[in-house]
2 protein chains.
Amino acid sequence: MDVTIYEVAQRAGVSIATVSRTLRGTGPVASKTREKVLKAVEELNFTPSRLGVSLAEGRHAANGIVFPNLSGPYYTEVLLGYEEVASELGRSVLILSTTGRTRVRDLVKDLAGRVDGLLIFGHTAPDDVIAELIQVGMPLVFVSREPLAGADTLRAENTASARLLAEHLALHGYERFAFLGAPLVTGDDVDERWQGVRSVLGAAIEAVPTGHYTVDDGHQAALRLLRSGDRPRAIICSDDEVALGALLAAEELGLAVPDDVAVTGWDDIMAARHARPALTTIRQPMRELGARAARALDELITAARSTPNHLTLTTELVIRASCGHHPQEEPR
Amino acid sequence: MDVTIYEVAQRAGVSIATVSRTLRGTGPVASKTREKVLKAVEELNFTPSRLGVSLAEGRHAANGIVFPNLSGPYYTEVLLGYEEVASELGRSVLILSTTGRTRVRDLVKDLAGRVDGLLIFGHTAPDDVIAELIQVGMPLVFVSREPLAGADTLRAENTASARLLAEHLALHGYERFAFLGAPLVTGDDVDERWQGVRSVLGAAIEAVPTGHYTVDDGHQAALRLLRSGDRPRAIICSDDEVALGALLAAEELGLAVPDDVAVTGWDDIMAARHARPALTTIRQPMRELGARAARALDELITAARSTPNHLTLTTELVIRASCGHHPQEEPR
DNA sequence: TTGTAAGCGTTATCAG
DNA sequence: CTGATAACGCTTACAA
């Protein structure tokens with residue numbers, strides 16, 4: 001990309017203003033002139049410099065997204081939904097992964113300087129940068145986090161479905177529960193799930209931490225949990241990956257799921273259906289979260305909307321085999 | 001981000017050149033002046049406009065990456081390795097996902113206009129755009145593709161390990177094989193794997209297509225394959241995800257792995273170790289591929305190097321349970 | 001040590 | 001309809 005609008009103008013025998021007008025369709029251009037210009041553009045294989053355009057237009061035509069990592073389908077799916085819609089809207093997407101990173105503050109600020117708007121997962125960005133960004137009016141949408149003034153927040157419903165799940169498990173007659181993948185910060189998705197199940201299970205459930213929310217960490221934590229003296233009758237996991245890890249641990253210890261210990265997940269990632277036994281879980285529209293975030297950002301950026309939106313998408317309890325036997329599945 | 005270098009200069013009572021010098025550490029600045037400038041910067045909370053900087057510097061300080069999708073760990077891992085190193089080198093990364101996209105040509109060109117260099121997976125970008133990009137001297141590194149003039153290519157070794165794997169399976173005494181996940185384009189990783197195994201197995205192996213290289217598609221294809229009259233004794237899969245799908249299919253049909261049918265994968269993703277039975281596979285340094293690509297691009301961009309490199313990283317045959325019983329594992 | 005001014009590549013206003 | 005020309009926000013010779 002080396003040829004500039006000046007060369008095109010010169011070759012076409014017109015001014016750069018005319019070239020610009022022709023290419024963007026803004027303002028009138030005589031059809032003979034237009035032809036000359038297009039011909040020159042063609043011959044020179046001219047593409048307007050993004051930098052020049054952006055500087056003049058005063059916008060990047062790009063969105064950012066900050067996530068912890070990409071282990072497992074959750075962030076990945078949201079990311080893809082986001083990128084697809086952003087792309088439709090003519091915006092590129094810049095990514096920033098924060099786990100294992102030092103100076104996240106600076107990275108986020110730098111990213112913010114390159115885009116017109118940002119999707120931020122949960123609490124992956126330091127509060128003070130967020131405050132700064134809101135302060136300067138940068139369009140922001142948070143996914144998987146409690147509402148926040150000055151920015152959009154978007155999440156899938158957690159508490160109600162957590163209750164639904166807890167109640168379903170209680171109906172199985174289980175009495176001791178564990179919540180594997182204890183919340184790390186208050187106000188994010190996992191915390192809401194925990195609050196939800198605890199609100200119905202009360203003292204019968206205890207929170208067990210896992211480190212990260214990965215298959216591996218779930219596996220390790222479940223191993224410890226299941227080996228302990230009084231193991232729970234049912235393990236409600238923070239998400240499907242942790243649950244997959246729990247399934248592994250149970251198998252390793254020779255425990256049958258759901259007969260010895262029931263296990264449930266969250267998200268309904270593809271592997272949940274394929275797991276053995278298939279995971280009872282809560283389906284959450286990951287792709288749509290990303291897509292909606294991109295659209296919300298677009299509204300904010302184009303100033304089609306100025307007041308923040310706080311949206312909660314509905315989820316669905318998906319009952320499969322891992323939570324216990326159900327009459328309709330096992331006719332007597 | 002609204003305050004410009006002019007306001008800082010004014011407030012500090014100096015020229016914009018001095019502000020720039022102070023901030024970038026280029027050229028001399030009296031320490032008293034420096035202090036005044038830094039104070040003004042602080043008070044105004046000034047951050048140089050990325051667009052301004054890039055336009056003046058003549059570089060984006062950003063890299064792009066184009067991949068088909070993010071289903072499964074392979075692209076994801078490479079992406080993360082890439083982003084991490086790019087970030088260390090002070091470059092942001094812009095992504096472009098191509099599956100299900102129309103006008104990939106335009107998307108790639110647009111992306112190219114926003115970055116200093118591009119990592120492109122296999123054959124995800126149309127040949128003519130690639131030719132154009134090489135033509136204009138855009139730094140390019142291809143991952144998982146056969147060498148190409150005018151750009152770096154980077155891949156993990158395929159053919160030799162494919163032979164190794166095939167020979168190992170032959171030692172088990174198997175006679176009929178299938179390669180699940182037939183190559184879609186010639187010259188990419190999967191094609192090399194196929195060529196490798198076929199070179200030792202000859203007519204004893206047949207290629208079976210899967211659509212995409214996903215768990216689901218592998219599952220479906222394996223189901224058809226295993227139901228057919230003369231099912232193969234061993235299934236060599238194009239990658240771990242397809243293999244995971246094959247495992248599912250075998251289980252569904254009541255076939256024991258490896259006793260009724262052996263299955264192998266490729267990549268050694270995390271799930272391969274956790275699968276039941278654990279997958280025999282070829283370990284490939286995905287993260288490192290991404291990291292190296294970022295460094296290679298940096299060399300090309302900074303003109304530290306001008307001749308293309310074509311690098312092949314070594315892989316490792318990881319023998320686990322899914323390919324058959326081994327003496328050392330099962331002492332008589 | 002500091003300031004002036006010429007780029008960098010567009011867009012868009014305002015006269016013709 | 002078209003062309004000067006002033007932004008846009010910075011970097012960097014070149015002078016002083």
Side-chain angles (χ1 to χ4, degrees), chain A residues 1-41 44-62 90 92 109-110 112-116 136, chain B residues 1-41 44-62 90 109-110 112-116 136 302:
Chain A
M1 312 317 174
D2 229 347
V3 25
T4 75
I5 197 172
Y6 285 93
E7 309 176 38
V8 176
Q10 183 163 30
R11 178 162 199 132
V14 301
S15 73
I16 60 168
T18 300
V19 176
S20 180
R21 260 182 241 122
T22 306
L23 259 24
R24 332 196 86 216
T26 161
V29 180
S31 58
K32 292 212 74 152
T33 314
R34 138 174 280 97
E35 272 175 31
K36 283 192 301 185
V37 171
L38 292 180
K39 182 150 167 288
V41 165
L44 262 31
N45 190 24
F46 169 70
T47 310
S49 148
R50 235 304 131 197
L51 253 19
V53 174
S54 284
L55 192 58
E57 281 187 334
R59 59 173 213 136
H60 297 272
S92 292
K109 282 194 75 167
D110 180 77
R114 296 166 170 271
V115 300
D116 303 318
V136 302
Chain B
M1 315 317 178
D2 227 349
V3 24
T4 76
I5 198 173
Y6 285 93
E7 310 176 37
V8 177
Q10 182 163 28
R11 178 162 199 132
V14 300
S15 75
I16 60 167
T18 301
V19 176
S20 180
R21 265 181 236 123
T22 305
L23 259 23
R24 329 194 91 215
T26 161
V29 179
S31 59
K32 292 212 67 154
T33 314
R34 144 175 274 98
E35 274 175 31
K36 284 191 302 185
V37 171
L38 292 180
K39 181 151 167 290
V41 166
L44 263 30
N45 190 25
F46 170 70
T47 310
S49 149
R50 236 303 130 198
L51 253 19
V53 174
S54 284
L55 194 57
E57 281 185 333
R59 62 176 209 132
H60 298 271
K109 284 196 73 168
D110 179 78
R114 297 167 172 270
V115 300
D116 303 318
V136 301
T302 62

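Every chain is numbered from 1, with letters handed out A, B, ... down the list of sequences.
Going from atom CD1 of I5(A) over to atom C1' of dT2(D) covers 14 Å, rounded to whole Å. Summarising the geometry, the separation between NZ on K36(A) and C1' on dG3(D) is reported as 13 Å, rounded to the nearest angstrom. Per the geometry, CZ belonging to F46(A) stands 4 Å off P belonging to dT10(C), to the nearest Å. Rounded to an integer number of Å, the gap from CZ of R50(A) to P of dT11(C) is 9 Å. The interatomic distance linking R59(A) (CZ) with dG9(D) (P) rounds to 16 Å, in whole Å. Atom C1' of nucleotide dC10(D) and atom CG of D2(B) are separated by 15 Å, given to the nearest angstrom. Rounded to an integer number of Å, the gap from L51(B) CG to dT11(D) P is 13 Å. In this entry the distance linking NZ of K32(B) with C1' of dT1(C) reads 15 Å, nearest Å.
At a threshold of 4.0 angstrom between heavy atoms, the contacts of P48(A) are confined to the sugar-phosphate backbone, with no base atom among them. Within 4.0 Å of R21(B), counting heavy atoms only, lies at least one base atom of the nucleic acid. Using a 4.0 Å heavy-atom criterion, one finds that T4(A) contacts the sugar-phosphate atoms exclusively. Heavy atoms of A30(B) sit under 4.0 angstrom from primed sugar atoms or phosphate atoms, though from no base atom.
Closest to the side chain of S49(B), from the set dG9(D), dA5(C), dT2(D), is dG9(D). When each of dT11(D), dT2(D), dA4(D) is scored by its nearest atom to the side-chain atoms of A17(A), the top-ranked nucleotide is dA4(D).
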T22(A)/T33(A) under side chain to side chain contact (heavy atoms under 4.5 Å, CB included): CA gap, chis, key distance, verdict
CA-CA 9 Å; T22(A) 306; T33(A) 314; 5.5 Å; no
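For the pair V29(A) and V37(A), the minimum side-chain heavy-atom distance is 4.5 Å or more.
A donor-acceptor pair under 3.5 Å is absent between the side-chain atoms of E35(B) and the main chain of K32(B), judged by distance alone.
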